[in-house]
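So the structure is just underneath, and the comments pick up after that.
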Amino acid sequence: MKQILVKLAIGLSFIALFFLGYETTGLGKLVELKLYDYRFELRGPREPSKDIIILSIDNVSMEELDTWPWPRNYHAKVVDLLKSYGAKSVTFDVIFNKLSREPQNDKLFGDSIAKSKNVVLGSMLTGGVYSKVSSSSNNVEEALSYTAPEPYEEMLDGKINYGIVNFDRDIDKSIRYGKMLHPLNDLMPTTQSIEEKFEPSLSLQALKVANPTLGKKVQDTYRDSSFLVNYAGPAHTYRTISFSNVLKGVLLENDAKSYNEVFKDKMVFIGATAEILHDTFTTPFTDNVNGQMPGVEIHAATLDTAI
């Protein structure tokens, strides 16, 4: 009897230690996250928003066009084309934080952005300060005296929309949560800061350009709180078209007669899906079969969820 009681006490001690560790370490949180992922596996893919299209900087485009980074006149032409096709917003999950070697192409790109009035460019929180394109800094004097090379100074006076591309990662490095507003904390406000406290995310800016009323509603609803992204599926769930096909006017869509039909009233995200560009992340749908998800699709999924 005494041996039974001793074994029972030892067993209960192990159980108590397990639950203590579950509550006081990351173990409990990790178990919850994995159970969340499993629920996605049980549910399977859902129908993604038909209002979102991804223009992919993919392997096909990398083979057909110059090596990355491409000349800015490529981007200028695609912006002009998408505007003519009736796209509501054109959002680049790309950081253009310095001049290229071809100033004439930089100017073409800047002119196309200014003319279209529906483009959003990416900006990034890195090392505690914002990237050059948003010209914010911990140092007030540095922020006020900062000048960006043409055409990026237009971002500083509000002529070009930009949004933060950063993601919040969980303890296992997977991305499950989205955010509409990123706190400035002690950084200087920028031209598009909200209430001089927050910087808008890339997905929020895409929506505000396409639909200002709905964008404001989403902004007011979520503020800077994090929310679980309701992923529609693994990588390549959203309708995706190669950048090079649009640039060259090659229509491979079996269910459309023209790109006007494809892009009219759509929110278009442009970003890297080619593995060589290393812009991929772990999500609840990531596994050995599906692989990691390109960042541009995570922005699309975040916007889809918020809407």
Side-chain angles (χ1 to χ4, degrees), residues 45 48-50 52-82 85 87 89-98 100-102 105 108-109 112 119-122 124 165-167 169 173-175 202-203 206 229 231-256 258-259 261-263 266-304:
S49 171
K50 289 184 170 58
I52 298 173
I53 293 181
I54 293 174
L55 205 59
S56 174
I57 302 171
D58 57 6
N59 292 328
V60 172
S61 299
M62 297 287 282
E63 290 174 5
E64 294 186 356
L65 304 177
D66 301 336
T67 56
W68 185 264
W70 295 329
R72 301 273 167 83
N73 61 310
Y74 289 8
H75 302 301
K77 183 177 179 180
V78 164
V79 166
D80 292 342
L81 286 170
L82 291 174
Y85 296 147
S89 61
V90 178
T91 303
F92 284 85
D93 180 23
V94 180
I95 303 292
F96 299 102
N97 63 343
K98 60 180 69 175
S100 71
R101 296 178 180 178
E102 300 170 312
N105 287 335
L108 285 174
F109 188 34
S112 292
V119 173
V120 179
L121 301 183
M124 179 180 287
V165 301
N166 296 67
F167 299 119
R169 301 199 197 193
K173 306 303 181 183
S174 187
I175 298 173
L202 192 73
S203 50
V229 176
Y231 288 99
H236 315 303
T237 293
Y238 291 88
R239 188 174 188 178
T240 302
I241 301 172
S242 293
F243 185 102
S244 59
N245 286 343
V246 174
L247 183 68
K248 295 182 176 183
V250 178
L251 182 66
L252 300 179
E253 305 297 314
N254 296 325
D255 58 344
S258 70
Y259 273 135
E261 185 178 330
V262 173
F263 289 111
K266 298 297 190 293
M267 292 178 286
V268 182
F269 282 85
I270 300 175
T273 63
E275 292 182 5
I276 193 173
L277 296 178
H278 305 295
D279 188 29
T280 57
F281 303 87
T282 303
T283 72
F285 272 104
T286 300
D287 57 36
N288 293 330
V289 177
N290 296 315
Q292 293 193 311
M293 182 175 289
V296 66
E297 293 195 54
I298 298 177
H299 290 300
T302 302
L303 176 58
D304 193 359

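A quick note: this is a predicted structure, and the numbers were derived from the prediction, not measured.
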Steps toward side chain to side chain contact (heavy atoms under 4.5 Å, CB included) verdict (V119, T91): CA-CA 6 Å; V119 173; T91 303; over 6 Å; no
Can you tell me how far the [atom1] atom of [X] sits from the [atom2] atom of [Y], to the nearest 0.5 Å?
{"X": "S112", "Y": "R72", "atom1": "OG", "atom2": "CZ", "answer": "12.5 Å"}
{"X": "L65", "Y": "I57", "atom1": "CG", "atom2": "CD1", "answer": "10.0 Å"}
{"X": "I52", "Y": "M267", "atom1": "CD1", "atom2": "CE", "answer": "5.0 Å"}
{"X": "L121", "Y": "H75", "atom1": "CG", "atom2": "NE2", "answer": "10.0 Å"}
{"X": "I241", "Y": "L251", "atom1": "CD1", "atom2": "CG", "answer": "7.5 Å"}
{"X": "R239", "Y": "I53", "atom1": "CZ", "atom2": "CD1", "answer": "5.0 Å"}

Mind checking whether [X] and [Y] have side chains closer than 4.5 Å, heavy atoms only?
{"X": "L55", "Y": "V246", "value": "yes"}
{"X": "D66", "Y": "P71", "value": "yes"}
{"X": "D58", "Y": "F243", "value": "no"}

Do you know which two heavy atoms are closest between [X] and [Y], and how far apart they sit?
{"X": "S203", "Y": "L303", "result": "O-CD1, 3.6 Å"}
{"X": "L277", "Y": "A272", "result": "CD1-CB, 3.5 Å"}
{"X": "A206", "Y": "F269", "result": "CB-CZ, 3.8 Å"}
{"X": "A274", "Y": "M62", "result": "CB-CG, 4.0 Å"}
{"X": "K50", "Y": "K266", "result": "O-CE, 2.8 Å"}
{"X": "V296", "Y": "D93", "result": "N-OD2, 3.3 Å"}

Worked check of side chain to side chain donor-acceptor pair (under 3.5 Å) between T282 and Q292: CA-CA 5 Å; T282 303; Q292 293 193 311; 2.9 Å; yes
Verdict with reasoning, F263 to V268, per side chain to side chain contact (heavy atoms under 4.5 Å, CB included): CA-CA 8 Å; F263 289 111; V268 182; 3.7 Å; yes
Worked verdict on Y238 versus D304 for side chain to side chain donor-acceptor pair (under 3.5 Å): CA-CA 10 Å; Y238 291 88; D304 193 359; 2.7 Å; yes
Between Y74 and F109, ring centroids under 6.0 Å: no
Pair F285 + Y231: ring centers closer than 6.0 Å: no
Residue pair F281, M293: steps toward the side chain to side chain contact (heavy atoms under 4.5 Å, CB included) verdict: CA-CA 5 Å; F281 303 87; M293 182 175 289; 5.7 Å; no
Trace of the side chain to side chain contact (heavy atoms under 4.5 Å, CB included) decision for W68 with V94: CA-CA 12 Å; W68 185 264; V94 180; 4.1 Å; yes
Check: T273/S56 side-chain N/O donor and acceptor closer than 3.5 Å: yes
S61 and S244: side chain donor to acceptor below 3.5 Å: yes
